[in-house]
Amino acid sequence: MELSLVAILVCFCYTSVGAEMKNQQLKKTYIIHVDHSSMPESFDDHLQWYDSSLQSVSESAEMLYTYNTVIHGFATRLTAEEAVALEKQPGILSVQPEMIYELHTTRTPEFLGLGKSEDLLPASDSTSDVIVGVLDTGVWPEIKSFDDTGLGPVPSSWKGECEVSKTFTASSCNRKLIGARSFSRGYEAALGPIDETMESKSPRDDDGHGTHTATTAAGSPVSGASLFGYATGIARGMATKARIAAYKVCWLGGCFGSDIIAAMEKAVADGVNVMSMSIGGSLTDYSRDTVAIGAFRATALGVFVSCSAGNGGPSGGSLSNVAPWITTVGAGTLDRDFPAYVNLGNGKNYSGISLYSGKSLSGAVVPLVYAGNVSSSASGSLCMTGTLPRAKVSGKIVICDRGGNSRVQKGLVVKNAGGLGMILTNTELYGEELVADAHLLPTAAVGQKTGDAIKHYAFSDPKPVATIASGGTQLGVEPSPVVAAFSSRGPNLITPEVLKPDLIAPGVNILAGWTGKVGPTGLTDDGRNVSFNIISGTSMSCPHVSGLAALVKAAHPEWSPAAIKSALMTTAYSTYKNGETITDVATGQSSTPFDYGAGHVNPVAALDPGLVYDATVNDYVDFLCALNYTADDIKQVANKTFTCDSSKKYSLGDLNYPSFAVPLQTASGRGGGAGVTSTVKYTRVLTNVGSPATYKVLVLSQVKSVSVSVEPETLSFSKQYEKKSYTVTFTATSMPSGTSSFTRLQWSDGKHIAAEMRNQQSRKTYIVHMDKSNMPAPFSAHQEWYDTSLKLVSESAEMLYTYENVIHGFATALTAEEATSLQKQPGILSVLPEVIYELHTTRTPQFLGLDKSGEVLPSVNSESEVVIGVLDTGVWPEIESFNDAGLGPVPRSWKGTCEVSKSFNSSSCNRKLIGARSFSKGFEAEEGPIDEKTESKSPRDVYGHGTHTSTTAAGSTVKGASIFGYAPGTARGMATNARISMYKVCWFRRCYDSDVLAGMDKAVADGVNVLSLSIGGGTSDYDKASTSIGAFTAMAQGVFVSCSAGNEGPFSSSVSNVAPWITTVGAGTLDRDFPAYVSLGNGKNYSGMSIFTGKNPLPGSFVRLAYAGNVSKFDSTDCGNGTLIPKKVAGKIVICDGSWGSDRVEKGFFVKEAGGVGVILANGEFEGEQVFADAHFLPTAAMGMKAGDAIKKYVLSSTNPKATITFGGTLLGVQPSPKVAAFSSRGPNPVTPQVLKPDLIAPGVNILAGWTGAASPSGLPEDKRRVKFNVDSGTSMSCPHVSGLAALLKAAHPDWSPAAIRSALMTTAYSTYKGGKTILDVATGKPATAFEYGAGHVNPVAALDPGLVYDATVSDYIGFLCAINYTASQIKKATNTKLTCKSGQKYSLGDLNYPSFSVPLKAASSKGRAAAGTSTVKHTRTLTNVGPPGTYTVAVSPKTPEVDILVEPTSLSFSKQNEKKSYTVTFTAKPMKADTKRFARLNWSDGKHVVSSPIALFWT
């Protein structure tokens, strides 16, 4: 026997250092791995602990998902800083960013030798005890490949189930398909609820991919199988008697990591023996790769995990799924082709490939044309829809270049233009790789060389002619296999010392079972139904290995997953029978182990490998130690406690892997240093699984630059499972960087050969905007068109979501290259990467003057006709704020619904809360199925944020409202008689833009008048921000859209939601405080803030005072969990730093636990003087930085520091107020500085409004208090104030446009106090500017009668986009309209009819002021009279000496309502240093009204 150890690759490379990028303060999904055994005793269960850990770093973060089997932990959305902070918490193993995975989309049993080796295969009974779990797109259970004839009872070890739904009955499963489940929560979370008219929310396969992979792995034999007569024979899986369990984790929009992990958990618990995953995501460290971690746990429990290598070839380093405990499978060809022959008029004949099955050309020679020569389109050579003129194509064969649209659709285009046939020619991008397709007219697909020859003939012959003939099915094609060009390649970018892929298997033109939902091409025009289909990809090669692993498992049930992998790898072959190395299709040259790994799988030999390289969990842990993983890192991966032995030297070369990959250090200097050598040693252990024997080693084809020696050279085994070790020493001379060499090490006993060999494009979600009006004629529905466009660039991609109202298009998961390619397709407006939004989380009616202005407010009847749509976390409908007393019938214009579920019934809605929907597909796609133990999969609000914002906007009047007696009074929304419709798009504080878009889509269709979105993500161009695009369509349909500015202040240019058609709202304070007073032993007194509700345990006299840094472990100052020393804290007030660590309220909980009697929260520099009122557990005072520093100075300098805390209840009339909140995001506008943002500010600090009954006021799990009202802060709170006020204006002026309403709110806003001083900024204590407050603080009573407004139409915004040089395509993307820029017209950003002025000016050079002296900028505006006739005169103040501001004309006279008048403002500026800023106001007044606009001048 010979044991052939795969080839050894020796790689010379330079060491490189990567630059680390700064984390953006945007929230994204992370999967948190927790050390399950480290739960503190203070917690009753792990969920409480998880929640506490999470709240310690983020007040707003919520758990999206919890995991308990393959990993322990949860999923949540965090900023990068919060993620880093959480990772430092006790018991946290890792904080890993969420990944989105993609699908890696017969003759094979005979080709693999299974048909002639039945005597070697395991017995039927043993094979039928093996269960293959397939994670994919589901199954189509009715096909014959799932026939269970001849199979006995389901294995007793099986614990799974057959999920039943309206499209998948209990009878769908049988003794072959023994289990089926679906996992859609992550998918739906990211992309919105599944549209069951397009996709089955069940294990049923609507795509075909999952049915194909499952039947490839273990399908039952089906005689007479074929695709239209091609590939005729017996279709069978690799392990025909094995059982199949399907786990549907991939949907129209892709495969989300949280769904995959959930399915892996269930598969392991169900009892699968093999897990097959034809999916892949982006590469990341093993400690941050959730699938790798899940696979580790599965492997530890004896489950063999195989994954596809990816379809990113032929690029080097394009692999995915590279963890050493995963078997990574690349793709090769079969010895079967489907030839099509092209005969030219010059007598030349060429061979291609095709699966055409219709009427042939019957040998007739017909005219031949090149599409690029007959089409006037720039992309005419690609045979895109509508590019071929019938007059020049009819009756001819057309040569079409590959690319741009799907291969099959090109033929459809030719056919529709009257063409008789097609020659599909590869370009340089595709080389010689050919894929067989079921074409719709006579077609031959040919490689690049053949294609070039045919085109040369067509170009040079004056009357070129040709014919096409089919060659049917050809067997015995040589050479075979060859490595598929698309198959992803090494080296392994994560750990170059582990060779990947592990091996290759058949993956090109594979016949297997298919869904009954779609035709073989996937085109909407293709109405053909088939039971089998032929497709290609590493998605096809992976299940081959999965099925073969099932065979090996059946034959050797005691073998570990590593032993099975070793058997498959060490018996694989890398040469043909003539000794030549397997060829690479991509190059036409010999391939290498980077392409094929150990070689092509050889299942019969794998059943009896002689020796195996076994590996246990401990071996993989040692491997992690060799990577310098910390104990926490190892816990993250292995889910076990292990500390690397500091006295032991760990080596990556000692991982007992069936291949060698040896990176060698290059000497410095060009071309490598002469004479420099390096030595590397690897150790391996072989286990005898055959008869006693002696094995000798042989190193094939010694590499010139490397000496390979093996010690010992002989290994003798006297019994089964005996183990023997050997060492390989590689001594290399220096070579240039990038040099790679390969060889092969074999152990043989004369019968067996154990051989070892040496040495991605990630997918993410995109929202695709389509030009609905450009749907090609062949399509009968937009969904068909969308699907075809998608298939043109990706055979595996699926639509996750479709949109119909605010945009037209769909969401899908693509690689970056596929997204770029899709962007080039006809009718595609944009392909936008998915954005994850975060929540931007009463005295206000009185503060805003609404309580004294009943006579100017709209009538109840008109106000009640206005509907506010709130996109948020849902509602708690039972609170009094949703009382509908006094409201009439629901407006007739309303088309919405009240979504009913087990936690939200139809009676939850009424005449106040008239609609409620939830959208979770996008969230669940990212985060996994919603755990309904912690979140309600319905419109019900379990967090509180949505209830707070919706009642702020339009809550009914509730007398006697308060929180524990604080802020007592009448609670009411801004528009108490307006109706509310809730769209729950945020889950566990995260809002995926696919869900948000779905919510906007429905809200507009339902008939809302105002959309309120207290959420935000990163800023991007208007044609790329999907929420901005949705808002444009909403605005165009008369819907006012208001959004929060963000909570990233006091940093400049931190504002989000900056599109000019969105009203962007910053936050200010009220004139109400909740004072708490700290009195020190030195006689000093300081004022802070608190809502303390319990019994005051402080005596009337002073008590001891301590600083946390002096009474905690590790000198911790933040009062984190477990940091305080009880004996040093008991009976004392503790000063806790509030700028980091635990939640503000939670700090008090930890102090209380340690025996403390009070807390002083001291702000750090980051928080400055911004303090918040929180409902604390024990006497607490939150102090600004200055007071906090003074108190700390006292306690650190006094030998016996003492203090006491008292509370001042609710204090009204606080002055000055308002102030700009420190957290409120600021300008300048980072996207278009010429548009001032935010637009205005509104109350957003310590706002009292309705609250959920599912959460405490603090949100902490330890807090069992429940309230009907809560105090919260954020631009999330200011936004609904403006939304409700916009509803009032809409009711008073139903004919006003969204722009007119915004203008009224902005031009009547105030930026000074009554004494004339400018509004202050809490962050600095100094006067704020227009970059902080926009137009100023909202003044709703004045807004009802503004006198004049700056109106704007869709055309105005189009002109704005033209001014920023948007192309017609970009405008379509941004606006979903056909409007374009007029040629010859000069567009100016200064001409957007906006109620404010933001004027960038040219700065002086770095050497001083420019000689030119001044620069001039002109802005034009148009005012519309909405009041009585009058004459308005203009004034600009204060004067700015650096800029001369001239307004022409200086007066405007209006004789009637809706009359329009224009004026021009000329800014003539001196050059100033960059970053210089000046501010002024431009006011038009008729003596009664003041129409005021802010002016921001800044030099750049």
Side-chain angles (χ1 to χ4, degrees), residues 22 24-25 1019 1021 1045-1046 1048-1056 1058 1060 1064 1066 1165-1166 1168 1219-1220 1222 1224-1239 1241 1311-1312 1317-1336 1363-1365 1388-1392 1394 1396-1420 1435-1447 1464-1482 1492-1500:
K22 283 188 175 181
Q24 297 181 12
Q25 295 307 303
T1019 55
D1021 290 343
E1048 303 304 319
F1051 302 110
S1052 63
S1053 292
S1054 55
V1055 64
S1056 60
V1058 296
T1064 311
E1165 185 176 1
F1166 178 77
K1219 298 178 184 178
V1220 178
S1224 187
S1225 288
R1226 318 298 171 95
N1229 182 335
V1231 179
T1232 312
Q1234 295 85 350
V1235 176
L1236 183 63
K1237 290 286 180 173
D1239 290 310
I1241 62 171
S1311 60
T1312 60
K1317 292 184 177 181
T1318 302
I1319 289 174
L1320 295 178
D1321 182 358
V1322 171
T1324 63
K1326 298 178 181 179
T1329 74
F1331 284 147
E1332 284 82 61
Y1333 54 64
I1364 56 176
N1365 298 315
S1388 169
L1389 286 170
D1391 291 342
L1392 176 64
Y1394 212 71
S1396 59
F1397 297 85
S1398 183
V1399 188
L1401 298 165
K1402 188 174 182 180
S1405 68
S1406 59
K1407 296 180 180 180
R1409 298 191 174 187
T1414 61
S1415 58
T1416 300
V1417 177
K1418 289 190 177 184
H1419 284 209
T1420 299
V1436 178
S1437 64
K1439 298 296 182 182
T1440 52
E1442 301 86 356
V1443 184
D1444 180 44
I1445 303 175
L1446 176 65
V1447 183
T1464 299
V1465 186
T1466 303
F1467 303 93
T1468 304
K1470 300 174 183 178
M1472 299 290 290
K1473 291 182 180 180
D1475 295 328
T1476 300
K1477 302 177 181 68
R1478 297 291 184 266
F1479 302 92
R1481 292 193 81 87
L1482 186 154
S1492 183
S1493 296
I1495 299 173
L1497 305 160
F1498 54 104
W1499 283 257
T1500 60

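All residue numbers in this chain count up from 1 along the given sequence.
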Sequence neighbours excluded, the answer for side chain to side chain contact (heavy atoms under 4.5 Å, CB included) partners of T1312 is T1318
Between the OH atom in Y1333 and the CZ atom in F1479, the distance rounded to the nearest 0.5 Å is 7.5 Å
Test side chain to side chain contact (heavy atoms under 4.5 Å, CB included) applied to V1220 and L1320, step by step
CA-CA 6 Å; V1220 178; L1320 295 178; over 6 Å; no
Here the gap from F1467 atom CZ to I1495 atom CD1, rounded to the nearest 0.5 Å, amounts to 4.5 Å
Taking W1499 for its side chain and A1469 for its backbone only, find out whether a donor-acceptor pair lies under 3.5 Å.
no
Note to self: Under a 3.5 Å threshold, yes or no: a donor from one side chain and an acceptor from the other, between Y1394 and D1239?
What the structure shows: yes
- [ ] Apply side chain to side chain contact (heavy atoms under 4.5 Å, CB included) to the pair R1478 and M1472, showing each step before the final yes or no.
- [x] CA-CA 11 Å; R1478 297 291 184 266; M1472 299 290 290; 4.2 Å; yes
Within 6.0 angstrom of K1477 NZ, more than 12 heavy atoms from elsewhere: yes
With sequence neighbours left out, the residues meeting side chain to side chain donor-acceptor pair (under 3.5 Å) with T1232 are Y1022
Of all heavy-atom pairs linking T1064 and S1056, the shortest is CG2-O, 3.4 Å
Next on the checklist: Run D1321 and R1226 through salt bridge (Lys or Arg N to Asp or Glu O under 4.0 Å) and show every step you take.
Outcome noted: CA-CA 11 Å; D1321 182 358; R1226 318 298 171 95; 2.8 Å; yes
Query raised in the report: Tell me, do P1471 and K1402 make a side-chain contact under 4.5 Å, heavy atoms counted?
Result: no
Show me the side-chain donor-acceptor pairs of residues 1323-1330 shorter than 3.5 Å, one per line, residues at least two apart or across chains.
from, atom 1, to, atom 2, distance (Å)
T1324, OG1, K1326, N, 3.0
T1329, OG1, F1331, N, 3.2
T1329, OG1, E1332, OE1, 2.8

Answer whether the closest heavy-atom distance between the side chains of V1058 and P1230 falls below 4.5 Å.
yes
When rounded to the nearest 0.5 Å, the distance separating NZ of K1470 from CD of E1442 is 7.0 Å
Here the pair of heavy atoms bringing G1066 nearest to S1224 is CA-OG, 3.3 Å
Side chain to side chain donor-acceptor pair (under 3.5 Å) filter on N1229, not counting sequence neighbours, yields none
Given the options V1443, T1416, L1401, T1468 meets side chain to side chain contact (heavy atoms under 4.5 Å, CB included) only with T1416
Distance col, row D1391:CG vs L1389:CG, nearest 0.5 angstrom, shows 9.0 Å
By salt bridge (charged side-chain N to carboxylate O under 4.0 Å, His left out), R1481 pairs with (sequence neighbours left out) none
* Spell out, as yes or no, whether a donor-acceptor pair under 3.5 Å connects the side chain of S1396 to the backbone of P1494. => no
>> Any side-chain to backbone donor/acceptor pair from S1225 onto E1048? Under 3.5 Å, distance only.
In response: yes
Checking I1364, T1420, V1235 against L1392 for side chain to side chain contact (heavy atoms under 4.5 Å, CB included), the one that qualifies is V1235
Side chain to side chain contact (heavy atoms under 4.5 Å, CB included) filter on K1418, not counting sequence neighbours, yields T1464, T1466
Closest non-hydrogen atoms of P1238 and V1055, given as atom of the first, atom of the second and distance, are N-CG2, 4.3 Å
Closest non-hydrogen atoms of A1480 and T1440, given as atom of the first, atom of the second and distance, are CB-CG2, 4.5 Å
Chi angles and distances behind the side chain to side chain contact (heavy atoms under 4.5 Å, CB included) call for F1397, V1465: CA-CA 10 Å; F1397 297 85; V1465 186; 4.0 Å; yes
